[in-house]
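Residues: numbered from 1 along the sequence shown. If you're wondering where the values come from, they're calculated on a predicted model, not measured in any experiment.
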Amino acid sequence: MNQTEKAAPGDGAKPEEKSKPAKALQGVKGMNDMLPADAPLWEHFESAARAMLRAYGYQQIRTPIVEHTQLFVRGIGEVTDIVEKEMYSFTDALNGEQLTLRPEGTAAAVRATIEHNLLYDGPKRLWYTGPMFRHERPQRGRYRQFHQLGAEALGFAGPDVDAEIILMCQRLWDDLGLTGVRLELNSLGQAHERAAHREELIKYLEGFQDILDEDGKRRLYTNPLRVLDTKNPALQEMAANAPKLIDFLGEESLAHFDGVQRLLKANNIPFKINPRLVRGLDYYNLTVFEWITDKLGAQGTIAGGGRYDPLIAQMGGKPAPACGWAMGIERIIELLREEKLAPQAEGCDVYLVHQGEAAAQQAMVVAERLRDAGLDVVLHATPDGKSGSFKSQMKKADASGAAYAVIIGDQEVEGGVAQVKDLRQAAGGETNNQVTVPADVLVDYVIDAMVGASE
């Protein structure tokens, strides 16, 4: 028997077993897909955000998803939750480098600013967006791969820019139609002021070691300010009565904070001073803020930021002031859904119906000409490659949200024409809504019809 021939069962060979279908693979937990039905909402947010950033003169910067681990250890802080237990870090198998999937955007933006000497010709207003990665328990609006929009104002020292970056957020909430988002403010002062407060705070917290939770005990001597940011209900009274950092601030820090508040009041931005607001990253000083909602359960902070003047020098650059914010896009998307502000998906302009071999070829030519004219066109196609009846195609055209259906059969090809049906009139019960149009003026006819309908 030739080696290429299969043996029959009677030859002593086992009949071929039917292979089992492969098990479908699942996505990584906490790293979610954005499906087509979600796209209009994301695009709505991104469009509003880009318009807002353009209005304030911010320029986009894009940094790699992977950075050296030391960038975040040095920039974020060695004893922060992110560095201690949330980063996705690994060793590059090719060269042994310690690398990390970025958990936030500020450190990378500052690294790029230093590396490319962006402040050489003056201060910069930058923005970025993209995926970030933190290994934490997935919950509503909080995922292991999540997306942030961030803005960084580098080289500006005055309270005016602190106020401006807060006003940017308010403008975005207004543009999106969000309500019930409140602003909380605090000042972390300067390093020597925090050191004096830290000493008193540790003494105070040591008297409560018997009730501190695991996180509180871990942070007591490494990052006691974060103990005050606890969400543990049993620790709220203790945190509320702790020494307040604002009582340790000097004249300059208080003047800066007062300046921010005056500018916000002048622009009718309501806010609450929260002396326990510290943010979770080590690089902050002076102004810190959060935008909070009660509509997303425990994950109420949708944006936050503040001033981080020491960071550029800390990362090896020439000392320069800086401030900025970041917002979690998934949380804002959730809030838009919660407030029923999701936009309707837009339909195409034209759905092209065809039947017959010659008509299929002509339909593709017509579709390209319509797209050349700037129209959005869906050309009918099916999984089996067959066009289907005109009736079934027209159902697809109606469901597509298109304004017009262009219908081409072999008879239309022979006559050098096409049928144009106004689907919006059809939806309104109009009967005289289909006309025959010569092929050589079809594009102009459809464009004129669309322009006339929009007036």
Side-chain angles (χ1 to χ4, degrees), residues 27-32 61-115 126 128-152 213-227 229-231 278-285 288 290 298-299 301-306 308 310-312 314-317 322 324-331:
V28 177
K29 185 177 181 181
M31 299 188 179
N32 301 327
I61 185 172
R62 299 187 185 189
T63 61
I65 288 175
V66 177
E67 298 272 3
H68 289 103
T69 300
Q70 192 59 32
L71 171 70
F72 302 111
V73 173
R74 191 194 302 184
I76 296 174
E78 207 163 348
V79 294
T80 58
D81 282 352
I82 293 175
V83 170
E84 286 184 328
K85 57 185 180 182
E86 294 177 0
M87 293 201 312
Y88 282 96
S89 298
F90 59 95
T91 301
D92 190 325
L94 296 179
N95 56 20
E97 289 183 322
Q98 298 299 308
L99 304 176
T100 294
L101 297 178
R102 63 185 182 193
E104 60 94 54
T106 296
V110 169
R111 188 268 309 152
T113 296
I114 296 169
E115 184 173 342
L126 307 175
Y128 60 84
T129 189
M132 310 292 167
F133 303 85
R134 297 183 191 176
H135 193 281
E136 51 188 350
R137 183 168 65 87
Q139 50 193 301
R140 184 183 185 189
R142 189 167 190 153
Y143 307 108
R144 290 176 176 171
Q145 176 179 302
F146 59 99
H147 295 75
Q148 279 188 346
L149 174 74
E152 314 292 354
D213 56 19
E214 184 179 339
D215 274 347
K217 290 176 180 177
R218 180 171 55 85
R219 292 166 169 163
L220 176 57
Y221 297 106
T222 58
N223 199 351
L225 265 179
R226 291 287 287 143
V227 179
D229 199 28
T230 179
K231 302 298 188 290
V278 297
R279 303 291 295 151
L281 308 176
D282 280 0
Y283 51 58
Y284 285 112
N285 73 314
V288 289
E290 288 185 350
Q299 301 308 316
T301 301
I302 61 172
Y308 53 92
L311 183 59
I312 295 177
Q314 183 179 315
M315 291 177 56
W325 50 254
M327 56 184 64
I329 299 178
E330 280 86 353
R331 295 186 193 179

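Side-chain contact check for R144 versus V28: every heavy-atom pair is 4.5 Å or farther apart. Side-chain atoms of Y284 and T106, non-hydrogen and from C-beta on, never get closer than 4.5 Å to each other. You'll find the side chain of H147 reaches within 4.5 Å of the side chain of P131, heavy atoms only. Within the 4.5 Å cutoff, the side chain of W325 has heavy atoms near those of the L149 side chain. For the pair E152 and Y128, the minimum side-chain heavy-atom distance is below 4.5 Å.
Taking T129 as the reference, nothing meets the side-chain hydrogen bond (donor to acceptor under 3.5 Å, both in side chains) condition, with sequence neighbours excluded. Residues that satisfy the side-chain contact (heavy atoms from CB on, under 4.5 Å) test with P64, not counting sequence neighbours, are E67, R111. Taking Y88 as the reference, H135 meet the ring pair (Phe, Tyr, Trp, His ring centres under 6.0 Å) condition, with sequence neighbours excluded. Residues passing the side-chain contact (heavy atoms from CB on, under 4.5 Å) test with A107, sequence neighbours excluded: L71, F72, E104. Annotation: side-chain hydrogen bond (donor to acceptor under 3.5 Å, both in side chains) contacts of D92 (sequence neighbours excluded): none. For E97, there are no salt bridge (charged side-chain N to carboxylate O under 4.0 Å, His left out) partners at least two apart in sequence or on another chain. In this structure I114 satisfies the side-chain contact (heavy atoms from CB on, under 4.5 Å) test together with V110, I312, M315, sequence neighbours excluded. H68 pairs by the ring pair (Phe, Tyr, Trp, His ring centres under 6.0 Å) definition with nothing, not counting sequence neighbours. Shown here are the side-chain contact (heavy atoms from CB on, under 4.5 Å) partners of T91, two or more places apart in sequence or in another chain: Q98.
Rounded to the nearest 0.5 angstrom, R102 CZ and M87 CE are separated by 14.5 Å. Note that the CE atom of M31 and the CZ atom of F146 stand 10.0 Å from one another [nearest 0.5 Å]. To the nearest 0.5 Å, the span separating CG on L101 from OG1 on T69 amounts to 9.5 Å. Separation of atoms CZ (R74) and CG (L311) is listed at 10.0 Å; rounding is to 0.5 Å.
In terms of heavy atoms, N285 sits closest to P310 at OD1-CD, 3.6 Å. The two residues A303 and M327 have their closest heavy-atom pair at CB-CB, 3.5 Å. Closest heavy-atom contact between I65 and F133: CG2-CE1, 3.4 Å. Closest approach of I302 and R331 over heavy atoms only: CG2-CB, 4.1 Å. The minimum heavy-atom distance between I61 and A109, with the atom names listed, is CD1-O, 4.5 Å. In plain terms, the two heavy atoms of P103 and M132 that are nearest each other are O-CB, 3.8 Å.
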